[in-house]
Amino acid sequence: MTTQPPPAPVRRISPEELSPEEREYGFRLKHALRCGVSGCSCADGYKVHCPSHNNAEVPTLTIRYEHGYGFSFECTRCPKRRILNALARRGLLPESHLFTSSGAQEAGLQPFNFLIQQPPDWLWPNRIPLGKLTLIAGYPSSGKTSIALDIAARVSRGAPAPDQPDTPFPAAPVVLAPLNGNPRADILPTLRLFGADLDRIYLADLLSTTLPIDYYPDEPPAEDTDEPDDAEEDDWDDEERPAPRHTSGSGRPQQLFTFEEPTVAAPRLAAPWPSLNHVMGRLANLIEAGSAALLIVDQAEDLASMHRAQPATILGMLRALAAHTGAAVIALTHNPAPGYPRAVTAMQRRLAQASVVFTTAVVEPGERRFLIPLRPAMSDDAPAIPFVLPPSDAFTVAWRKPVFPAHMKALIGPRPNDGAKTRAAQSLLVRALQDGPRPATEIEREAAMIGISRSTLVRARALCNVRAFRVSIPDGSNGAGAWYWSLPQRNPLHQDETPETPDEVVNA
(Lines give C-alpha, C1' and ligand atoms only; values in the text may rest on other atoms or scores of the structure.)
Protein backbone atom coordinates (compact mmCIF):
# COMPACT_ATOMS: atom_id res chain seq x y z
CA MET A 1 0.00 0.00 0.00
CA THR A 2 1.48 3.26 -1.10
CA THR A 3 1.13 6.31 1.02
CA GLN A 4 0.81 9.80 -0.44
CA PRO A 5 3.31 12.37 0.67
CA PRO A 6 1.96 15.03 2.96
CA PRO A 7 1.06 18.30 1.26
CA ALA A 8 3.69 20.94 1.23
CA PRO A 9 3.14 23.62 3.82
CA VAL A 10 1.71 26.86 2.57
CA ARG A 11 4.37 29.54 2.52
CA ARG A 12 3.07 32.98 3.36
CA ILE A 13 4.65 35.95 1.63
CA SER A 14 5.89 38.72 3.84
CA PRO A 15 4.86 42.25 2.73
CA GLU A 16 8.55 43.25 2.79
CA GLU A 17 9.18 40.88 -0.13
CA LEU A 18 6.75 42.75 -2.37
CA SER A 19 7.18 45.96 -4.26
CA PRO A 20 5.10 49.01 -3.21
CA GLU A 21 2.71 48.45 -6.13
CA GLU A 22 2.27 44.78 -5.26
CA ARG A 23 1.70 45.57 -1.59
CA GLU A 24 -0.97 48.08 -2.56
CA TYR A 25 -2.63 45.51 -4.80
CA GLY A 26 -2.55 42.88 -2.06
CA PHE A 27 -4.14 45.32 0.36
CA ARG A 28 -6.97 45.93 -2.11
CA LEU A 29 -7.50 42.18 -2.56
CA LYS A 30 -7.64 41.66 1.20
CA HIS A 31 -10.41 44.21 1.70
CA ALA A 32 -12.35 43.24 -1.43
CA LEU A 33 -12.38 39.43 -1.17
CA ARG A 34 -12.64 38.92 2.57
CA CYS A 35 -16.15 39.18 3.94
CA GLY A 36 -15.25 40.52 7.39
CA VAL A 37 -17.72 38.23 9.17
CA SER A 38 -16.44 36.99 12.52
CA GLY A 39 -15.73 33.28 12.49
CA CYS A 40 -15.25 33.01 8.73
CA SER A 41 -12.13 31.11 7.66
CA CYS A 42 -11.22 33.81 5.14
CA ALA A 43 -9.94 36.05 7.94
CA ASP A 44 -6.95 33.87 8.93
CA GLY A 45 -6.86 31.19 6.25
CA TYR A 46 -5.08 31.23 2.93
CA LYS A 47 -8.32 31.11 0.93
CA VAL A 48 -10.70 34.01 0.24
CA HIS A 49 -14.13 34.32 -1.36
CA CYS A 50 -14.21 33.98 -5.14
CA PRO A 51 -15.95 36.94 -6.84
CA SER A 52 -17.17 34.83 -9.77
CA HIS A 53 -19.84 32.79 -7.93
CA ASN A 54 -22.36 33.38 -5.17
CA ASN A 55 -21.12 31.20 -2.34
CA ALA A 56 -20.44 33.51 0.54
CA GLU A 57 -20.06 30.76 3.17
CA VAL A 58 -17.07 28.81 1.86
CA PRO A 59 -13.88 30.57 0.69
CA THR A 60 -12.70 28.80 -2.45
CA LEU A 61 -10.19 31.18 -4.04
CA THR A 62 -6.48 30.64 -3.49
CA ILE A 63 -4.10 33.51 -4.26
CA ARG A 64 -0.45 32.67 -4.90
CA TYR A 65 2.51 34.86 -5.61
CA GLU A 66 5.73 33.89 -7.38
CA HIS A 67 8.67 36.13 -7.94
CA GLY A 68 8.96 37.01 -11.57
CA TYR A 69 5.42 35.90 -12.37
CA GLY A 70 3.29 37.89 -9.96
CA PHE A 71 -0.10 36.88 -8.56
CA SER A 72 -2.07 33.86 -9.70
CA PHE A 73 -5.58 32.74 -8.77
CA GLU A 74 -7.14 29.31 -8.47
CA CYS A 75 -10.68 28.42 -7.47
CA THR A 76 -12.07 24.95 -6.76
CA ARG A 77 -15.26 25.75 -8.67
CA CYS A 78 -14.52 28.34 -11.38
CA PRO A 79 -12.17 28.33 -14.38
CA LYS A 80 -9.34 30.81 -14.46
CA ARG A 81 -10.82 32.92 -17.26
CA ARG A 82 -14.02 33.42 -15.30
CA ILE A 83 -12.06 34.51 -12.22
CA LEU A 84 -10.04 37.04 -14.21
CA ASN A 85 -13.16 38.47 -15.81
CA ALA A 86 -14.77 38.89 -12.38
CA LEU A 87 -11.65 40.62 -11.06
CA ALA A 88 -11.46 42.84 -14.13
CA ARG A 89 -15.04 44.06 -13.57
CA ARG A 90 -14.09 45.06 -10.03
CA GLY A 91 -10.84 46.73 -11.01
CA LEU A 92 -8.76 44.08 -9.24
CA LEU A 93 -6.91 42.59 -12.19
CA PRO A 94 -3.18 42.40 -11.34
CA GLU A 95 -0.75 44.41 -13.40
CA SER A 96 1.51 41.39 -13.75
CA HIS A 97 -1.18 39.47 -15.58
CA LEU A 98 -0.83 39.88 -19.32
CA PHE A 99 -4.45 40.79 -19.91
CA THR A 100 -5.11 41.55 -23.57
CA SER A 101 -8.22 42.78 -25.32
CA SER A 102 -8.08 40.17 -28.09
CA GLY A 103 -11.32 38.59 -26.97
CA ALA A 104 -13.05 41.93 -26.83
CA GLN A 105 -11.84 42.78 -30.35
CA GLU A 106 -13.07 39.46 -31.67
CA ALA A 107 -16.48 40.25 -30.20
CA GLY A 108 -16.56 43.66 -31.92
CA LEU A 109 -15.31 45.94 -29.15
CA GLN A 110 -12.57 48.39 -30.06
CA PRO A 111 -10.27 49.69 -27.32
CA PHE A 112 -9.81 53.45 -27.30
CA ASN A 113 -6.11 52.85 -26.79
CA PHE A 114 -5.91 51.79 -30.45
CA LEU A 115 -7.63 54.94 -31.74
CA ILE A 116 -5.69 57.92 -33.06
CA GLN A 117 -6.89 61.25 -31.76
CA GLN A 118 -7.86 63.73 -34.44
CA PRO A 119 -9.62 67.11 -34.59
CA PRO A 120 -13.30 67.30 -35.55
CA ASP A 121 -14.04 66.77 -39.22
CA TRP A 122 -16.15 69.53 -40.72
CA LEU A 123 -17.77 69.84 -44.09
CA TRP A 124 -18.81 73.39 -43.14
CA PRO A 125 -16.73 74.54 -40.14
CA ASN A 126 -18.81 74.92 -36.97
CA ARG A 127 -21.94 74.15 -39.02
CA ILE A 128 -22.10 70.74 -40.74
CA PRO A 129 -19.83 67.93 -39.45
CA LEU A 130 -18.66 64.89 -41.35
CA GLY A 131 -19.87 61.52 -40.14
CA LYS A 132 -22.98 62.96 -38.48
CA LEU A 133 -26.58 63.73 -39.37
CA THR A 134 -27.60 67.35 -39.92
CA LEU A 135 -31.30 68.20 -39.87
CA ILE A 136 -32.60 71.27 -41.72
CA ALA A 137 -36.27 71.92 -40.93
CA GLY A 138 -38.52 74.50 -42.43
CA TYR A 139 -42.02 75.48 -43.36
CA PRO A 140 -43.08 74.66 -46.95
CA SER A 141 -41.51 77.10 -49.43
CA SER A 142 -39.29 78.51 -46.68
CA GLY A 143 -36.09 77.84 -48.63
CA LYS A 144 -34.71 74.65 -47.06
CA THR A 145 -34.34 72.89 -50.43
CA SER A 146 -32.63 75.94 -51.93
CA ILE A 147 -30.23 76.03 -48.98
CA ALA A 148 -29.41 72.33 -49.39
CA LEU A 149 -28.81 72.70 -53.14
CA ASP A 150 -26.66 75.79 -52.57
CA ILE A 151 -24.51 73.82 -50.11
CA ALA A 152 -24.30 70.93 -52.61
CA ALA A 153 -23.19 73.33 -55.36
CA ARG A 154 -20.55 74.90 -53.13
CA VAL A 155 -19.20 71.49 -52.07
CA SER A 156 -19.01 70.27 -55.68
CA ARG A 157 -16.87 73.18 -56.85
CA GLY A 158 -15.02 73.94 -53.58
CA ALA A 159 -16.54 77.38 -53.08
CA PRO A 160 -16.15 79.38 -49.84
CA ALA A 161 -18.58 78.90 -46.97
CA PRO A 162 -21.39 81.50 -46.76
CA ASP A 163 -20.31 82.88 -43.38
CA GLN A 164 -16.56 82.20 -43.74
CA PRO A 165 -15.16 83.64 -47.00
CA ASP A 166 -11.64 82.43 -46.16
CA THR A 167 -12.74 78.81 -45.59
CA PRO A 168 -13.63 76.90 -48.76
CA PHE A 169 -15.71 73.75 -48.91
CA PRO A 170 -13.89 70.57 -49.95
CA ALA A 171 -14.24 69.96 -53.67
CA ALA A 172 -15.87 66.55 -53.25
CA PRO A 173 -18.71 64.54 -54.84
CA VAL A 174 -22.28 64.92 -53.59
CA VAL A 175 -25.17 62.42 -53.69
CA LEU A 176 -28.73 63.78 -53.93
CA ALA A 177 -31.68 61.57 -52.96
CA PRO A 178 -34.87 63.50 -53.82
CA LEU A 179 -38.23 61.78 -53.50
CA ASN A 180 -40.56 64.57 -54.56
CA GLY A 181 -40.68 66.19 -57.98
CA ASN A 182 -38.85 65.72 -61.23
CA PRO A 183 -35.05 66.01 -60.86
CA ARG A 184 -34.65 67.01 -64.53
CA ALA A 185 -37.15 69.87 -64.27
CA ASP A 186 -36.75 70.97 -60.64
CA ILE A 187 -33.22 70.21 -59.46
CA LEU A 188 -31.06 70.35 -62.58
CA PRO A 189 -31.92 73.99 -63.51
CA THR A 190 -31.32 75.07 -59.92
CA LEU A 191 -27.93 73.38 -59.76
CA ARG A 192 -26.91 75.07 -63.02
CA LEU A 193 -28.11 78.41 -61.69
CA PHE A 194 -26.06 77.92 -58.52
CA GLY A 195 -22.95 77.13 -60.55
CA ALA A 196 -22.54 73.52 -59.45
CA ASP A 197 -20.01 71.15 -60.96
CA LEU A 198 -22.48 68.64 -62.40
CA ASP A 199 -19.74 66.03 -62.87
CA ARG A 200 -19.50 65.71 -59.10
CA ILE A 201 -23.20 65.64 -58.18
CA TYR A 202 -24.97 62.29 -58.50
CA LEU A 203 -28.63 61.35 -58.41
CA ALA A 204 -29.53 58.42 -56.15
CA ASP A 205 -32.31 56.23 -57.52
CA LEU A 206 -34.37 55.02 -54.55
CA LEU A 207 -37.31 53.65 -56.54
CA SER A 208 -35.76 50.98 -58.78
CA THR A 209 -36.10 47.46 -57.46
CA THR A 210 -32.50 46.45 -58.18
CA LEU A 211 -29.35 48.27 -59.19
CA PRO A 212 -25.84 46.95 -59.90
CA ILE A 213 -24.56 48.87 -56.87
CA ASP A 214 -26.77 46.78 -54.59
CA TYR A 215 -24.55 43.73 -54.96
CA TYR A 216 -20.88 42.96 -54.85
CA PRO A 217 -19.21 41.75 -58.08
CA ASP A 218 -19.05 38.15 -56.84
CA GLU A 219 -22.50 38.22 -55.24
CA PRO A 220 -25.31 38.06 -57.83
CA PRO A 221 -28.93 38.70 -56.84
CA ALA A 222 -30.38 35.83 -54.85
CA GLU A 223 -32.90 33.65 -56.58
CA ASP A 224 -36.48 33.55 -55.41
CA THR A 225 -36.58 30.89 -52.73
CA ASP A 226 -40.37 30.81 -52.72
CA GLU A 227 -40.47 28.83 -55.98
CA PRO A 228 -40.87 25.05 -55.55
CA ASP A 229 -37.83 22.91 -56.07
CA ASP A 230 -38.18 20.89 -59.29
CA ALA A 231 -35.60 18.41 -58.12
CA GLU A 232 -37.60 17.48 -55.04
CA GLU A 233 -38.39 13.78 -54.94
CA ASP A 234 -42.03 12.91 -55.55
CA ASP A 235 -42.92 9.27 -55.09
CA TRP A 236 -46.61 9.77 -55.84
CA ASP A 237 -48.10 9.62 -59.28
CA ASP A 238 -50.91 11.96 -60.20
CA GLU A 239 -53.42 9.12 -60.32
CA GLU A 240 -52.31 7.59 -57.02
CA ARG A 241 -52.05 10.82 -55.03
CA PRO A 242 -54.74 10.79 -52.31
CA ALA A 243 -57.12 13.69 -52.14
CA PRO A 244 -56.64 16.06 -49.23
CA ARG A 245 -58.77 15.37 -46.23
CA HIS A 246 -60.43 18.52 -44.99
CA THR A 247 -61.46 18.91 -41.41
CA SER A 248 -63.87 21.29 -39.82
CA GLY A 249 -63.19 23.51 -36.90
CA SER A 250 -64.47 20.85 -34.50
CA GLY A 251 -61.89 18.37 -35.71
CA ARG A 252 -64.34 15.96 -37.43
CA PRO A 253 -63.57 15.19 -41.10
CA GLN A 254 -65.81 16.70 -43.70
CA GLN A 255 -67.08 14.96 -46.85
CA LEU A 256 -64.25 13.45 -48.86
CA PHE A 257 -64.18 14.53 -52.51
CA THR A 258 -62.49 12.35 -55.04
CA PHE A 259 -61.98 15.06 -57.63
CA GLU A 260 -61.14 18.66 -56.87
CA GLU A 261 -60.55 21.56 -59.19
CA PRO A 262 -57.00 22.86 -58.99
CA THR A 263 -56.76 26.17 -57.17
CA VAL A 264 -54.50 28.92 -58.47
CA ALA A 265 -52.51 30.75 -55.83
CA ALA A 266 -53.17 34.45 -55.63
CA PRO A 267 -50.33 36.61 -56.93
CA ARG A 268 -48.06 38.02 -54.28
CA LEU A 269 -48.37 41.80 -54.28
CA ALA A 270 -45.18 43.63 -53.46
CA ALA A 271 -44.20 47.28 -53.49
CA PRO A 272 -42.56 48.37 -56.76
CA TRP A 273 -39.65 49.82 -54.81
CA PRO A 274 -37.03 48.29 -52.48
CA SER A 275 -37.47 47.95 -48.75
CA LEU A 276 -36.16 50.48 -46.26
CA ASN A 277 -33.16 48.36 -45.28
CA HIS A 278 -32.41 47.90 -48.98
CA VAL A 279 -32.57 51.67 -49.51
CA MET A 280 -30.14 52.36 -46.68
CA GLY A 281 -27.73 49.76 -47.97
CA ARG A 282 -27.97 51.25 -51.44
CA LEU A 283 -27.20 54.73 -50.13
CA ALA A 284 -24.18 53.41 -48.25
CA ASN A 285 -22.91 51.72 -51.41
CA LEU A 286 -23.51 54.86 -53.47
CA ILE A 287 -21.54 56.99 -51.01
CA GLU A 288 -18.67 54.50 -51.04
CA ALA A 289 -18.68 54.04 -54.82
CA GLY A 290 -18.79 57.78 -55.50
CA SER A 291 -16.42 58.76 -52.65
CA ALA A 292 -19.06 61.32 -51.72
CA ALA A 293 -18.58 63.70 -48.83
CA LEU A 294 -22.23 64.79 -48.66
CA LEU A 295 -25.61 63.06 -48.93
CA ILE A 296 -28.81 65.11 -49.10
CA VAL A 297 -32.18 63.41 -48.50
CA ASP A 298 -35.18 65.51 -49.56
CA GLN A 299 -37.15 64.85 -47.50
CA ALA A 300 -37.38 62.54 -44.47
CA GLU A 301 -41.21 62.55 -44.31
CA ASP A 302 -41.47 61.40 -47.94
CA LEU A 303 -39.14 58.47 -47.30
CA ALA A 304 -41.06 57.58 -44.13
CA SER A 305 -44.48 57.64 -45.81
CA MET A 306 -43.24 55.54 -48.75
CA HIS A 307 -42.10 52.78 -46.38
CA ARG A 308 -44.84 53.22 -43.75
CA ALA A 309 -42.32 54.16 -41.09
CA GLN A 310 -42.01 56.90 -38.53
CA PRO A 311 -39.83 59.93 -39.38
CA ALA A 312 -37.81 59.25 -36.23
CA THR A 313 -36.97 55.79 -37.60
CA ILE A 314 -35.74 57.29 -40.87
CA LEU A 315 -33.62 59.86 -39.06
CA GLY A 316 -32.14 57.19 -36.79
CA MET A 317 -31.12 55.06 -39.78
CA LEU A 318 -29.64 58.09 -41.55
CA ARG A 319 -27.72 58.92 -38.41
CA ALA A 320 -26.25 55.41 -38.37
CA LEU A 321 -25.54 55.70 -42.10
CA ALA A 322 -23.51 58.89 -41.54
CA ALA A 323 -21.49 57.28 -38.77
CA HIS A 324 -20.86 54.18 -40.89
CA THR A 325 -19.77 55.96 -44.07
CA GLY A 326 -18.10 59.03 -42.56
CA ALA A 327 -19.95 61.36 -44.92
CA ALA A 328 -22.05 64.34 -43.93
CA VAL A 329 -25.76 63.54 -44.24
CA ILE A 330 -28.31 66.38 -44.53
CA ALA A 331 -31.96 65.45 -44.09
CA LEU A 332 -34.66 67.98 -44.87
CA THR A 333 -37.81 67.85 -42.76
CA HIS A 334 -40.98 69.80 -42.09
CA ASN A 335 -41.45 72.50 -39.45
CA PRO A 336 -45.10 73.41 -38.76
CA ALA A 337 -44.27 76.96 -37.63
CA PRO A 338 -42.96 79.49 -40.18
CA GLY A 339 -42.04 82.41 -37.91
CA TYR A 340 -39.51 83.00 -35.16
CA PRO A 341 -39.63 82.13 -32.24
CA ARG A 342 -42.43 79.62 -32.74
CA ALA A 343 -40.32 77.74 -35.27
CA VAL A 344 -37.67 77.23 -32.59
CA THR A 345 -40.25 75.99 -30.08
CA ALA A 346 -41.78 73.54 -32.56
CA MET A 347 -38.38 71.89 -33.14
CA GLN A 348 -37.56 71.17 -29.50
CA ARG A 349 -38.79 67.58 -29.74
CA ARG A 350 -36.57 66.99 -32.78
CA LEU A 351 -33.30 68.05 -31.15
CA ALA A 352 -32.43 64.51 -30.06
CA GLN A 353 -32.93 63.05 -33.54
CA ALA A 354 -29.81 64.55 -35.15
CA SER A 355 -26.36 65.73 -34.17
CA VAL A 356 -26.92 69.18 -35.70
CA VAL A 357 -30.34 70.79 -36.13
CA PHE A 358 -31.18 73.94 -38.11
CA THR A 359 -34.50 75.59 -38.84
CA THR A 360 -35.50 78.26 -41.28
CA ALA A 361 -37.63 81.02 -39.81
CA VAL A 362 -39.17 84.31 -40.85
CA VAL A 363 -38.66 87.29 -38.56
CA GLU A 364 -41.07 90.18 -38.61
CA PRO A 365 -41.09 93.04 -39.45
CA GLY A 366 -39.67 92.82 -42.95
CA GLU A 367 -40.28 89.10 -43.47
CA ARG A 368 -36.56 88.42 -43.31
CA ARG A 369 -35.45 84.78 -43.52
CA PHE A 370 -32.85 83.22 -41.23
CA LEU A 371 -31.09 79.88 -40.93
CA ILE A 372 -31.05 79.39 -37.16
CA PRO A 373 -28.90 76.71 -35.42
CA LEU A 374 -30.74 74.88 -32.65
CA ARG A 375 -28.26 72.11 -31.84
CA PRO A 376 -25.68 73.16 -30.87
CA ALA A 377 -27.53 76.17 -29.55
CA MET A 378 -27.12 79.48 -31.31
CA SER A 379 -24.05 81.22 -29.91
CA ASP A 380 -21.37 83.67 -30.93
CA ASP A 381 -19.49 80.80 -32.62
CA ALA A 382 -22.56 79.65 -34.58
CA PRO A 383 -24.89 82.64 -35.08
CA ALA A 384 -27.96 82.74 -37.28
CA ILE A 385 -27.41 83.55 -40.96
CA PRO A 386 -29.86 85.72 -42.92
CA PHE A 387 -30.50 84.67 -46.50
CA VAL A 388 -32.55 85.83 -49.47
CA LEU A 389 -34.14 83.39 -51.88
CA PRO A 390 -33.72 84.02 -55.60
CA PRO A 391 -36.99 85.52 -56.92
CA SER A 392 -36.09 84.57 -60.50
CA ASP A 393 -33.22 83.16 -62.49
CA ALA A 394 -31.13 86.22 -61.75
CA PHE A 395 -28.99 85.06 -58.80
CA THR A 396 -28.45 82.26 -56.30
CA VAL A 397 -29.20 82.19 -52.58
CA ALA A 398 -27.86 85.45 -51.21
CA TRP A 399 -26.29 85.01 -47.77
CA ARG A 400 -26.02 88.03 -45.49
CA LYS A 401 -23.82 88.84 -42.53
CA PRO A 402 -24.42 86.49 -39.54
CA VAL A 403 -26.65 87.78 -36.77
CA PHE A 404 -25.74 87.08 -33.16
CA PRO A 405 -28.26 85.97 -30.49
CA ALA A 406 -28.61 89.41 -28.90
CA HIS A 407 -29.31 90.99 -32.28
CA MET A 408 -31.73 88.19 -33.13
CA LYS A 409 -33.83 88.90 -30.07
CA ALA A 410 -33.81 92.60 -30.84
CA LEU A 411 -35.20 91.93 -34.32
CA ILE A 412 -38.25 90.12 -33.00
CA GLY A 413 -41.33 92.26 -33.52
CA PRO A 414 -44.20 91.98 -31.03
CA ARG A 415 -47.26 90.14 -32.26
CA PRO A 416 -50.77 91.60 -31.80
CA ASN A 417 -52.12 88.68 -29.82
CA ASP A 418 -52.22 87.58 -26.18
CA GLY A 419 -50.80 90.93 -25.00
CA ALA A 420 -47.44 90.28 -26.66
CA LYS A 421 -46.96 93.96 -27.53
CA THR A 422 -47.60 94.96 -23.93
CA ARG A 423 -45.07 92.44 -22.69
CA ALA A 424 -42.56 93.67 -25.26
CA ALA A 425 -43.14 97.24 -24.10
CA GLN A 426 -42.59 96.17 -20.49
CA SER A 427 -39.34 94.52 -21.45
CA LEU A 428 -38.29 97.69 -23.28
CA LEU A 429 -39.02 99.89 -20.27
CA VAL A 430 -37.15 97.67 -17.83
CA ARG A 431 -34.14 97.42 -20.14
CA ALA A 432 -34.09 101.15 -20.91
CA LEU A 433 -34.52 102.35 -17.32
CA GLN A 434 -32.44 99.80 -15.43
CA ASP A 435 -29.47 102.21 -15.28
CA GLY A 436 -31.46 105.24 -14.16
CA PRO A 437 -33.89 107.90 -15.41
CA ARG A 438 -33.95 108.72 -19.10
CA PRO A 439 -35.82 111.27 -21.24
CA ALA A 440 -39.25 110.10 -22.23
CA THR A 441 -38.74 111.16 -25.84
CA GLU A 442 -35.81 108.77 -26.25
CA ILE A 443 -37.79 105.79 -24.94
CA GLU A 444 -40.80 106.66 -27.12
CA ARG A 445 -38.49 106.84 -30.13
CA GLU A 446 -37.03 103.39 -29.34
CA ALA A 447 -40.51 101.96 -28.91
CA ALA A 448 -41.64 103.36 -32.25
CA MET A 449 -38.64 101.81 -34.01
CA ILE A 450 -39.71 98.29 -32.96
CA GLY A 451 -43.41 98.84 -33.65
CA ILE A 452 -44.78 99.67 -30.17
CA SER A 453 -47.48 102.32 -30.22
CA ARG A 454 -47.84 105.07 -27.60
CA SER A 455 -51.04 103.58 -26.19
CA THR A 456 -49.29 100.24 -25.65
CA LEU A 457 -46.40 102.07 -24.02
CA VAL A 458 -48.81 103.81 -21.62
CA ARG A 459 -50.28 100.44 -20.55
CA ALA A 460 -46.80 99.05 -20.02
CA ARG A 461 -45.86 102.09 -17.90
CA ALA A 462 -48.82 101.46 -15.63
CA LEU A 463 -47.91 97.77 -15.23
CA CYS A 464 -44.26 98.58 -14.50
CA ASN A 465 -45.19 101.44 -12.15
CA VAL A 466 -42.94 103.83 -14.08
CA ARG A 467 -42.80 107.29 -12.53
CA ALA A 468 -42.61 110.41 -14.72
CA PHE A 469 -41.17 113.71 -13.58
CA ARG A 470 -40.17 116.94 -15.30
CA VAL A 471 -36.71 118.44 -14.95
CA SER A 472 -36.46 122.14 -15.74
CA ILE A 473 -33.45 123.67 -17.45
CA PRO A 474 -31.65 126.15 -15.15
CA ASP A 475 -31.82 129.78 -16.37
CA GLY A 476 -34.07 128.71 -19.20
CA SER A 477 -37.24 130.27 -20.44
CA ASN A 478 -40.52 129.65 -18.72
CA GLY A 479 -41.56 126.01 -19.25
CA ALA A 480 -38.20 124.89 -20.64
CA GLY A 481 -37.34 121.34 -19.59
CA ALA A 482 -37.94 117.68 -20.39
CA TRP A 483 -39.95 114.79 -19.01
CA TYR A 484 -37.99 111.89 -17.53
CA TRP A 485 -39.08 108.35 -16.73
CA SER A 486 -37.66 106.12 -14.05
CA LEU A 487 -38.41 102.89 -12.26
CA PRO A 488 -39.59 103.24 -8.65
CA GLN A 489 -36.46 101.81 -7.11
CA ARG A 490 -34.21 104.06 -9.20
CA ASN A 491 -36.08 107.36 -8.91
CA PRO A 492 -33.80 109.98 -7.27
CA LEU A 493 -34.92 113.32 -5.90
CA HIS A 494 -34.77 116.17 -8.40
CA GLN A 495 -35.16 119.83 -7.78
CA ASP A 496 -37.84 121.74 -9.64
CA GLU A 497 -39.67 118.40 -9.95
CA THR A 498 -43.26 118.74 -11.10
CA PRO A 499 -45.48 115.66 -10.58
CA GLU A 500 -47.36 114.43 -13.61
CA THR A 501 -51.13 114.81 -13.58
CA PRO A 502 -53.47 112.02 -14.73
CA ASP A 503 -54.37 114.01 -17.84
CA GLU A 504 -50.72 114.29 -18.76
CA VAL A 505 -50.29 110.54 -18.34
CA VAL A 506 -53.03 109.87 -20.87
CA ASN A 507 -51.70 112.43 -23.30
CA ALA A 508 -48.08 111.27 -22.95
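All residue numbers in this chain count up from 1 along the given sequence. Since the structure is predicted, the reported quantities are computational estimates derived from the model, not experimental observations.
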**Q** Once rounded to the nearest 0.5 Å, what's the spacing between atom CG of L176 and atom CG of L149?
**A** 6.5 Å
**Q** What residue pairs, at least two apart or across chains, pass salt bridge (charged side-chain N to carboxylate O under 4.0 Å, His left out) with a residue in residues 135-157?
**A** D150-R154
**Q** Donor-acceptor pairs under 3.5 Å, side chain of residues 289-301 to any protein atom, not counting sequence neighbours: which ones?
**A**
{"unit_1": "D298", "atom_1": "OD2", "unit_2": "T145", "atom_2": "OG1", "d": "3.4"}
{"unit_1": "E301", "atom_1": "OE1", "unit_2": "T333", "atom_2": "OG1", "d": "3.2"}
{"unit_1": "E301", "atom_1": "OE2", "unit_2": "T333", "atom_2": "OG1", "d": "2.4"}
{"unit_1": "E301", "atom_1": "OE2", "unit_2": "H334", "atom_2": "N", "d": "3.3"}
{"unit_1": "E301", "atom_1": "OE2", "unit_2": "R350", "atom_2": "NH2", "d": "3.3"}

**Q** For N85 and R82, what are the C-alpha separation, side-chain angles and deciding distance, and is it a side-chain contact (heavy atoms from CB on, under 4.5 Å)?
**A** CA-CA 5 Å; N85 289 337; R82 185 175 175 182; 5.6 Å; no
**Q** Identify whether the distance between the nearest side-chain nitrogen and carboxylate oxygen of R438 and E446 falls below 4.0 Å.
**A** yes
**Q** With distance as the sole test, does R192 use its side chain to make a donor-acceptor pair with the main-chain N or O of L188 at under 3.5 Å?
**A** no
**Q** Let me see the working for T360 and R369 under side-chain contact (heavy atoms from CB on, under 4.5 Å), right down to the final yes or no.
**A** CA-CA 7 Å; T360 59; R369 300 176 185 268; over 6 Å; no
**Q** Let me confirm one number: the CZ-CD1 distance from F358 to I147, rounded to the nearest 0.5 Å.
**A** 9.5 Å
**Q** Starting at CE of M317, measure out to CG of L133 and round the result to the nearest 0.5 Å.
**A** 13.0 Å
**Q** For S453, give me all partners under side-chain hydrogen bond (donor to acceptor under 3.5 Å, both in side chains), at least two apart in sequence or on another chain.
**A** S455, T456
**Q** Are any side-chain N or O atoms of Q426 and backbone N or O atoms of L463, one a donor and one an acceptor, separated by less than 3.5 Å?
**A** no
**Q** State the CZ-OG1 distance between R127 and T167, to the nearest 0.5 angstrom.
**A** 12.0 Å
**Q** Over all heavy atoms of both residues, which pair between P488 and C464 is shortest? Give the atoms and the distance, please.
**A** CD-O, 4.1 Å
**Q** Hey, is the main chain of R282 close enough, under 3.5 Å, to the side chain of N285 for a donor-acceptor pair?
**A** no
**Q** Show the numbers, then the answer: is there a side-chain contact (heavy atoms from CB on, under 4.5 Å) between L318 and M280?
**A** CA-CA 8 Å; L318 291 176; M280 293 299 167; 3.9 Å; yes
**Q** Tell me which pairs pass salt bridge (charged side-chain N to carboxylate O under 4.0 Å, His left out) where either residue lies in residues 181-191, with sequence neighbours left out.
**A** none
**Q** Any sub-3.5 Å donor-acceptor pair from S156's side-chain atoms to D197's backbone N or O?
**A** yes
**Q** Do L135 and L351 make a side-chain contact, defined as non-hydrogen atoms from C-beta onward lying under 4.5 Å apart?
**A** no
**Q** Do any N or O atoms from the side chain of R368 and from the backbone of P386 form a donor-acceptor pair under 3.5 angstrom?
**A** no
**Q** Can you confirm whether T325 sits close enough to E288 that some side-chain heavy atom of one is under 4.5 Å from a side-chain heavy atom of the other?
**A** no
**Q** Which label fits F387 and W399: parallel for a plane angle under 30°, tilted from 30 to 60°, or perpendicular past 60°?
**A** tilted
**Q** Do you know the tightest heavy-atom contact between G339 and A361?
**A** C-CB, 4.3 Å
**Q** Could you check I314 against L276 for side-chain contact (heavy atoms from CB on, under 4.5 Å), going step by step and ending with a plain yes or no?
**A** CA-CA 9 Å; I314 302 298; L276 185 57; 3.6 Å; yes
**Q** For L87 and P51, which heavy atoms make the closest approach, and how far apart are they?
**A** CD2-CG, 3.9 Å
**Q** Using atom types as modelled and distance alone, determine if a side-chain donor or acceptor of Q164 lies under 3.5 Å from a backbone N or O of P160.
**A** no
**Q** My understanding is that only residues two or more places apart in sequence, or in another chain, count here; which of them pass side-chain hydrogen bond (donor to acceptor under 3.5 Å, both in side chains) with N335?
**A** T359
**Q** Between I287 and A327, what is the shortest heavy-atom contact and its length?
**A** CG2-CB, 3.9 Å
**Q** Please round to the nearest 0.5 Å and tell me the distance separating atom CG of D205 and atom CG of L286.
**A** 9.0 Å
**Q** Hey, what do you get for CG (L487) to CG (D435), rounding to the nearest 0.5 Å?
**A** 10.0 Å
**Q** Nearest heavy-atom pair of L433 and W485: which atoms, and what distance?
**A** CD2-O, 3.3 Å
**Q** What residue pairs, at least two apart or across chains, pass ring pair (Phe, Tyr, Trp, His ring centres under 6.0 Å) with a residue in residues 135-155?
**A** none
**Q** With heavy-atom distances below 4.5 Å as the criterion, would you say the side chains of F370 and P383 are in contact?
**A** no
**Q** Please report the shortest heavy-atom distance between V174 and V155, naming the atom on each side.
**A** CG2-CG1, 3.7 Å
